[in-house]
Amino acid sequence: APRAGKGGGSAAFEITKDTAPAKGTVDSVTWSLYAEPQSLDYAYAFDYSPNTVLANVCEQLMRITPDLKLEPGLASAVASPDPKRWVYTIRSGVRFHDGSTLTADDVVASLRRHLDPKVGSYWVSAFQNVKSIEKTGPMEVTVHLRKPDQLFNEEMGTSAGSIESAAFLAKTGAGYGTPDGGVNCTGPFTLDTWQKGQSITLKKYDGYWDTTLTPKVNTVKNVFIQDPSARVNTMVAGEVDGGYLVPATGFAKLRAATNGTLYFGPSTTAVSLIPTNLKGTLGDVRVRRALSMALDREGIVKAAAAGGGTPAKAPAAIGAWGIAPDAAKGYYDKLPAITRDVAGAKKLIQEAGAAGKKIVMATSTMSPEISVIANAVQSAGQAVGLQVELKAVAPDAYTALFSDPKAREGIDLVMTIWYDSTPDPLEFYANLQTGAFPNYGGYSNPEYDALVDQANSQADPSARTATVAKLQEIAVRDMVWIPLYEVPHTMFLNNRVTGAPTSIAQLQYPWAARLGSAG
Amino acid sequence: MTEYALEVEGLRKSFGGHVAVDDVSFSLRLGGSLAIVGESGSGKTTTARMLVGLERPDAGRIRVGGRDRSAAARGRATRLARAREIQMVFQDPYLSLDPRITVAECVEESLRLHFALSPRQRRARRDALLARVGLGEREADALPRRLSGGQRQRVAIARALATEPKVLILDEATAALDVSIQAQILDLLAEIRRDTGVGYLFVTHNLALVRHVADDILVLYQGRVVESGPTRQVLSAPQHPYTRLLLHSVPRHGWDPAQIAADRRALAAALQETPNPPASTESPHHAPDTNPTKRSAAQ
Amino acid sequence: MARFLLRRVAGIVATLIATSFAIFGSVHLAPGDPASFLLGGRSASPAAVAAIRAQYHLDDPFLVQYVKWAGGVVTGDFGRSAQFRQDVAGLIMARLPTTLWLVGYAGLLILIVGLALGVLAALRPGVVDRLVLIGTGVATATPSFVAAMGLISLFSLQLGWFPAFGNGSGFGDRIVHLTLPAAALSLTFAGLLARVTRAAMLEELGREHVEVARSRGIPGSRVMRQHVLRNALGPITTVIGTVVAGLLVATSIVETAFGLSGVGQLLVGSVTVKDFPVVQAVSLLVVLAFVTANLIVDLLHPLIDPRLSHAKGGAS
Amino acid sequence: MTTPLLEIENLNVQLAAGKAARPILDGVSLHVAQGETVGLVGESGSGKSVTCRSVLGLFPEGAQTCGSLRLDGNDVLTMSPTRLRELRRHDVSMVFQDPRASINPLRRIGDFVTEGIRAGGVPRKDALKRAGELLESVGIRDPRAALRRYPHEFSGGMLQRVMIAGALAGEPRLLLADEPTTALDVTTQAEVISILTDLRTERAMGMLFVTHDLELAAAICDRVYVMYAGRIVETQSADGLFGRPRHPYTAALLASTPQLDSDRPPRSVPGRPVSLAETSPGCAFAVRCAHARPRCTEHEPVQREIDGAHVACLRAEELIND
Amino acid sequence: MTVLPIHRRKILAPLTRLAEGDKLVTAALAVLAVLIIAALFASLITPHDPEAIDLSAALSGSSADHLLGTDQSGRDVLSRLIFGAQTGLLGPLLVVAISTVLGMLLGVAAAWLGGAVDSLLSRTMDFIFSFPALLLAIILVAVFGVGLTAPVIAMSIAYAPYVGRLVRSVALQEMTRPYIQAYKVQGWSGWVICLRHLLPNIAPLILAQSAINFGYALMDLAALSFLGFGVQPPTADWGAMINEGSAALLQGATLPALAPGVAIVITVVAFSIVGEAIADRVARREQR
Ligand SMILES: Nc1ncnc2c1ncn2[C@@H]1O[C@H](COP(=O)(O)OP(=O)(O)OP(=O)(O)O)[C@@H](O)[C@H]1O
Ligand SMILES: Nc1ncnc2c1ncn2[C@@H]1O[C@H](COP(=O)(O)OP(=O)(O)OP(=O)(O)O)[C@@H](O)[C@H]1O
Ligand SMILES: [Mg+2]
Ligand SMILES: [Mg+2]
């Protein structure tokens, strides 16, 4: 059912699950990306722009569908004979773009790259429990785990599970995934040309195995338009046919456009504040809760997201519960409502004896939301008697906050826009386990840790989500992250074309294969 | 020995490959007056600059009152001592005073540097100096920009006299002035010499002027001394053809420029020098036969 | 002449060596571990860090690193971009055409508009001069990014005359795409050139030889051309030299403001993420362009002013 | 005397209103006949150059003029710009004081010499040929090579010859020489002067020779005008002027000039030369004049003829006997 | 009673002399006065706290309460503009002060000492000169991180040769003037001559150049802020405001970006007018 946003009058939005199916073929489509992919190596595909391209070119072992379900991909079957083992049966008759045939060797070579420190794969956390990856038959690969890991299989639907021809990997070496080296995977489209700094053009691949996804478009030209205004303007002007991740500042303009439609789709994205120093002022849960209570979430949604968002109760978006969407609603409703209560928050701060204490929040010019939210936090802090100091850092330093513990020194709070790649809420909540890499604040709770392990060994989705629900409760109770709002996935589509999924699954699902003419 | 205020021996200076001053020797008696004459680029100014230490001689000796000053001045004491020996007045009255410093201050500065006087003594001395060169209170408080060329040259003379030098070098000091003013300055200089016994070294190309101001004369031609002696003698019976040429060149009644031009060519041929060396062999800093007489209107 | 040229080229090489050393050295001083960036924000196991450090020779002593890098530069190998995992040379080459087009286009605009306005102002004292002075005064004071905003809002959003983004391909398309960026880029410099031209011409106008020419019955237009403008070329050329060099850096702002993918934007993007190999290479390139532009200006000067050819000691 | 070549009558030049408004010339009258050399002497700021330039119709910016200035009977002040250009190209030429500043340093000598005639439509080749001849006539060796050289390759004396050659290119009948040798050495000065006097006799040109050197004027001029503060104070034949100066200013000027042939020391004149704008009513020289009487500062002296000399001094007659 | 006005007239005398009745120069001086007052007393005259947000009033247009409207966070644009004058003027002031002092030292030392020192210093200046200011700033930002410090240091260094070359050539010219030589002959030491006579006499020219450099420094620093390398949010800074405000252009709010843009232009124009007026005066004085 469509969910109405409450971002305030004119800014309300409606979730559209999907667009109308394509009626016919189109020769070429121009699509906007907000940045040039730095690499098309799946091992480094950890951002919107490389994933949006690769989803059409490099297929994974598993597939995450637009309605956020997991289904077989290049593995025709997957089995877990015991909790510490995943056995993948490789689909036969699949050809890489160069015509060679997919075998277990390719799968082993592709997956093992994530384990190689020289590669420095961005997906290494998905493989944190992997002991070994072995070929156990001509078309069978077995992954041995150190401890039960349900998430691993789901991650195989992301770029962590992308499969590249072993021969091609060997041949291109360090040049793999660059504009010169290119890629040679399977997928409905092949990488045709990569004009550095300008565009990546994909061409329809005739030998694609899955005939349900035979492209209706011959070429897809992905152009890189960094400037948000330029991106919106090209859409309105019809210079591009569409694009995902529309800048919030352009909503009004795109809604008013007559040549296309602005869609809000299902998403796993939530915007949160991460207390990165649980030994400082924010170490006291009352202070975190007070800050949360004092925040004007509606105002933030309006100012930072131009109304394109809904205030959130939990750090993982409700859309992240793709494996059990209905149960998720129930769990979510049970969470305490977040109402703005400045007086109450002030009292809480007094109780905690934190009045007048200092919180340092990082801010950056990297994206406009950051400073709006930082300003809002500062003003909320002021209202409850906290002293919020904004520390401006450069974009590179802001990125480093999430990778380098040293960079976080002296900083209490950072804002993040977090999305999950899999439809499993455990993906998010596992992050808060003791010692997990994204557990930036160093939160540690034995009860929580045990529950994470428990969930990760529960093969049954409903059982697992029930456990995750407990995790969610604890995380919200302890305010490990302070939830702000959820944002829908956005897409603009010219009236000429239709069929592209609106959901965030486009990051791993061959979205362009469904694109075609509207009439 | 000590009867000379200034003794110069074998002075030599070259710029790059060009020898500007070559083996120049002369001496100036105490309270005497010597003129260095010669055409443009003959090395007059360079000689004068070496005497006051603005240029280092390549070779040769300079002695003042028996003391050698050929080497570079080291230390404040030597510097000051030398400044009290020789002073100089420059050609262009419009550029030889700091535009930001009043006349009184200009003279006082110099007194302050050289003599330990009480402020009152200093002021008195300053006023005396200014009066000496014929400047009153009104001019004393003025900035140079308010003064005429002649007045400025008076200030420059007062400033030079402030150190009580034995020798005063006047490098074309009246060339930029109108003749009526030039005559005033010449009167003034004569008076000062009478009163103080300072020796003059006139650097000039105006032979008529030399006749009236100098006891002795030194003729330079292409950096070398071609003739020297008492003014009267040299002017009435010049020995060197160049001196003769110079003398004939001075315009007067019955003057024959065509003859002079011919003489000049003959002289150049005799000395195997081109009369007008192409400028490319000359330094770019100095346009040799342009007399930098930028005569600005005195306002 | 040949000796002079040789000496200048040697000077440029020395400057470039010093520059490269300075750039490489200062980058070396940068706090933080380049390896942490190379891992792109994911968990960094010590093994991964060590592997990256070895791969990028980060453990070698500074001088060894420098010599290795400089040796590569000589053969056109500027190293590998950490951000794009590609050869820096390739990254730059791909973006160079856009930047060169932009600089060329802007340069042309600057020359034409700047010279024309400067000459006009010098020739028409009074209202025209005053107008040009005010106009160019505002132009020189308008930062390119402010101009960019104004131009985009007016010409591509309101009027829709020009596309709002893209480099274009092919001659005509490029011109259409690069017109607004070139206009934004040239505004300040054209104003500057106009003012310098005006001042140089007015200075020449006051010279005695101009009055002498007039006194000889030479028609005014001819005096303007052969005495005033001709003699003003010296300072004008000097300014054009600095303008060309300034343009290359200013492109970073304009390319960023217009979302053009050129070398300038690459530099800015690389600085934001500390992609040092790219920063080093682009900086070196800009400095090279700068000194080359200055060399050309210096070579032009003797042609404009014959007095200089002798002063420089060239054989005539 | 037939109709003079140049006839200036009662020329007044005044800088226009505004801060800089002031008079520069007051009632200047002078004439130059064909083949005559006329001197114009005076101290700095007396208005010699302004007078000289006005013959070419060149006035300081914003200057107002009245009076008449006729060349061959045609009034320069009311001439059309085209006619004025013709006049500058063909009838009157000027040699300036500083040749280095007066010749465009960036153009070849050939360009300078020929530019006047080429502006008049003479083809380049012919013009260059003519220029070569001219350079030869002013004593420049290898004139063809010289045409291709640049001003900085010449010494000041040589450059002044080039300037003279350039002035002669249009075959003028009147040559204005504004202190043409002040920047030169005495020996070089003699050479340049000899060239000028030769040419004048060869071509029967009239010449207005401006200088502040009285001796020089005496040596080469037929007649001399003496200027003081924007006015002509005395006119006489050269011999007369130096033998019997009628105006106290002329006398004072002569007395203050050092003489090579006489032992009489230069006698100074009190005060300093003034410009017209600084003068008070009456005789401008009165404040410096040893012979001044109170009436001198009350009435402006008018020029009178006394023994063939024109003098503007109230006491000229009385002083003859002094 | 009369002491005060006379005193005041004395202070303003150089300025009125500079303006000399020229309306443009008077206006430029007035603009600068307003800017300096705004920067010094920003907290007294701003109608709102420049950092006070009001999310519900985000991007409201011009109104009686917010004369120049509000930005994305609902902050008062006018107040931010006034506070922006602080960093807007402080940065260039530092750059100009440091580069002028540095350039003066280099230029005077090169001119006065001559010889090997001159060629060494001139080479050094040429070398620095080959780094465009903005490039040097970008490199230093890459190395030392964003903020005002790295750009100010970089631009001070990069601007120094401009001043240094000017000072050197002017000083060389001035040194050939006999008054400097007269002081040498008088026995003054080089230091005293440089400080008491040479520098004061070339100072107006340097001042003129500095005023013009001020404008350039302001533009360069604003450009760096615009690129996100300079002054960082939430500090009000014109360049940063344009950067933040440009996003809102799409939403039809022009004031948040336009206002600081216009402020930059006006300030730079004012500085260049004053600089040129000073240079003009120097030139006219030289002519006399
Ligand atoms: N600083 C310098 N560098 C190079 N050459 C110089 C320098 N100063 C003087 N000369 C050269 O030395 C020669 C003599 O110059 P100097 O100035 O002494 O002549 P002068 O007799 O004073 O001439 P003038 O009458 O023109 O003043 C000239 O050829 C000049 O070019
Ligand atoms: N272009 C001008 N603008 C303003 N005033 C001028 C101009 N030319 C000359 N004057 C003034 O006219 C007066 C006479 O100047 P002029 O140049 O004729 O004097 P001069 O007799 O030639 O002096 P000098 O011997 O110095 O060349 C001076 O007071 C001068 O200031
Ligand atoms: Mg000399
Ligand atoms: Mg004159």
Side-chain angles (χ1 to χ4, degrees), chain B residues 39-41 148-151 178-188 190 205-213 235 245-265 275-280 282 284 287-293 295-299, chain D residues 43-45 98-100 139 151-159 182-198 212-220 238-239 242 252-253 255-275 278 288:
Chain B
E39 66 184 357
S40 213
S148 71
Q151 286 173 318
D178 278 313
V179 273
S180 62
I181 307 297
Q182 166 173 287
Q184 292 172 2
I185 300 288
L186 293 179
D187 278 352
L188 176 66
H205 57 252
N206 187 342
L207 282 179
L209 180 70
V210 170
R211 168 167 187 153
H212 300 283
V213 298
L235 292 187
L245 173 69
L246 218 48
L247 217 49
H248 291 155
S249 301
V250 178
R252 72 199 100 155
H253 202 71
W255 184 60
D256 182 0
Q259 183 58 45
I260 299 157
D263 288 352
R264 187 178 178 204
R265 277 191 292 273
N276 284 301
S280 52
E282 292 155 6
D289 43 8
T290 0
N291 188 342
T293 319
R295 281 143 47 88
S296 339
Q299 303 274 309
Chain D
E43 290 177 289
S44 66
D98 183 356
R100 216 169 280 287
H152 69 274
E153 297 171 75
F154 287 83
S155 68
M158 283 295 153
L159 219 48
T182 307
L184 306 178
D185 262 324
V186 270
T187 53
T188 319
Q189 163 169 293
E191 286 198 47
V192 169
I193 296 286
S194 84
I195 290 169
L196 275 178
T197 47
D198 287 355
H212 58 260
D213 186 339
L214 285 160
E215 303 285 346
L216 181 59
I220 63 167
D239 292 340
F242 291 91
L253 210 53
S256 65
T257 309
Q259 308 282 322
L260 189 60
D261 305 327
S262 130
D263 267 340
R264 185 179 50 78
R267 191 145 32 84
S268 63
V269 188
R272 62 178 180 88
V274 290
S275 66
E278 294 170 295
R288 304 176 72 190

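These values consider heavy atoms only, across backbone and side chains, with no hydrogens, waters or symmetry-generated copies. Proteins get letters first, then strands, A, B, ... in listed order; numbering begins at 1 in each.
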Task: Nearest-0.5 Å distance, CD1 of residue D:I193 to CG of residue B:D256 - done: 12.5 Å
Open item on the list: Testing the basics here: between D:D261 and B:R252, what is the closest heavy-atom pair and its distance to 0.1 Å?
Closed with: OD2-CD, 3.3 Å
Open item on the list: I need the minimum non-hydrogen distance between B:D187 and D:S268, along with the two atoms involved.
Closed with: OD2-OG, 2.9 Å
- [ ] Please state whether the side chain, the backbone, both or neither of B:L209 comes within less than 4.5 Å of a heavy atom of chain D.
- [x] both
- [ ] Please confirm whether the backbone N or O of D:G271 pairs with a side-chain atom of B:Q184, one donor and one acceptor, at under 3.5 Å?
- [x] yes
Open item on the list: Is D:L159 in contact with chain B via its backbone, its side chain, both, or neither, using a 4.5 Å heavy-atom distance?
Closed with: neither
Open item on the list: Could you report the tightest heavy-atom contact between B:P251 and D:E215, atom names first, then the distance?
Closed with: O-CB, 3.3 Å
Open item on the list: Heavy-atom pairs under 4.5 Å with chain B - which of D:T187, D:V269, D:D213 has more of them than the others?
Closed with: D:T187
TODO: Begin from the C-alpha positions of B:R264 and D:T188 and carry the test side chain to side chain contact (heavy atoms under 4.5 Å, CB included) through to its verdict.
DONE: CA-CA 9 Å; B:R264 187 178 178 204; D:T188 319; 3.5 Å; yes
Open item on the list: Quick check: do B:P257 and D:I195 have side-chain heavy atoms less than 4.5 Å from each other?
Closed with: no
TODO: For the pair B:R211 and D:D263, find out whether any cationic side-chain nitrogen is under 4.0 Å from an anionic carboxylate oxygen.
DONE: yes
Open item on the list: Is it the case that the side chain of B:E39 and the backbone of D:V186 share a donor-acceptor pair, with hydrogens and angles ignored and the cut-off at 3.5 Å?
Closed with: no
Task: Shortest non-hydrogen separation from D:P258 to B:H212 and the atoms involved - done: CB-CD2, 3.7 Å
Task: Contact winner vs chain B - D:P270, D:S262, D:A238, D:A217, heavy-atom pairs under 4.5 Å - done: D:S262
Open item on the list: I'd like to verify something: which residue of D:G139, D:A252, D:S194 has the highest number of heavy-atom pairs under 4.5 Å with chain B?
Closed with: D:S194
TODO: Using non-hydrogen atoms and a 4.5 Å limit, figure out which bit of D:R267 sits close to chain B: side chain, backbone, both or neither.
DONE: backbone
Open item on the list: Please enumerate all residues that pass side-chain hydrogen bond (donor to acceptor under 3.5 Å, both in side chains) together with B:D263, with sequence neighbours excluded.
Closed with: B:Q259
Open item on the list: If we define contacts as heavy-atom pairs under 4.5 Å, which of B:S180, B:A208, B:A183, B:A262 has the most with chain D?
Closed with: B:S180
Open item on the list: Can you tell me which portion of B:L247 sits under 4.5 Å from chain D's heavy atoms? Options are side chain, backbone, both or neither.
Closed with: both
